[in-house]
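Worksheet for the structure shown next.
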Amino acid sequence: AMECPWRLTESPGKSDSRMFFFGHFTLKTLTEAEAEFTKETFLHRYLEYINDGHRDTLLPKFFAMLTVTGRRSGERQVWMLYNNVLRTKF
């Protein structure tokens, strides 16, 4: 079996997101604004593009968008799971 360590990093971008890298996958936190944009605008266009015959695109493949709410804190975090298209040092 291939060993696939999880690595956590803080995003160097403006969103201050956290990203877990494992194998060819990334699990990234989204801000509420990013999650809203993704749901309302991006995913519809993305799926339309993929289903219109572009399945071999180099765009990341998105697998899931999850909202996790802490039991005690009630804090919500939105996570996006997608594949790593390019190799990273993580």
In Å, rounded to the nearest 0.5 Å, how long is the span from [atom1] of [X] to [atom2] of [Y]?
X	Y	atom1	atom2	answer
Lys28	Trp79	NZ	CH2	10.5 Å
Leu81	Met65	CG	CE	12.0 Å
Thr67	Lys39	OG1	NZ	6.0 Å

(request) Please state whether the rings of Phe62 and Tyr82 are parallel, tilted or perpendicular, taking 30° and 60° as the class boundaries. (result) tilted
Does the [X] side chain pair with the main chain of [Y], one donor and one acceptor, at a distance under 3.5 Å?
X	Y	result
Asp52	Glu48	no
Glu34	Thr31	yes
Asn83	Lys61	yes

Taking the side chain as every heavy atom from C-beta outward, state whether [X] and [Y] have any pair of such atoms under 4.5 Å apart.
X	Y	answer
Tyr49	Leu59	yes
Glu32	Val78	yes
Arg55	Ile50	yes

(message) side chain to side chain contact (heavy atoms under 4.5 Å, CB included) for Phe22 and Leu27? Distances and angles first, verdict last.
(response) CA-CA 8 Å; Phe22 52 105; Leu27 186 62; 4.1 Å; yes
(request) Mind listing the closest non-hydrogen atom pair of Met80 and Leu30 along with its distance? (result) CB-CD1, 4.0 Å
(message) Heavy-atom count check: over 12 atoms from other residues, nucleotides or ligands less than 6.0 Å from His44 NE2?
(response) no
(request) Compute the ring centroids of Phe25 and Phe20, then answer whether they are less than 6.0 Å apart. (result) no
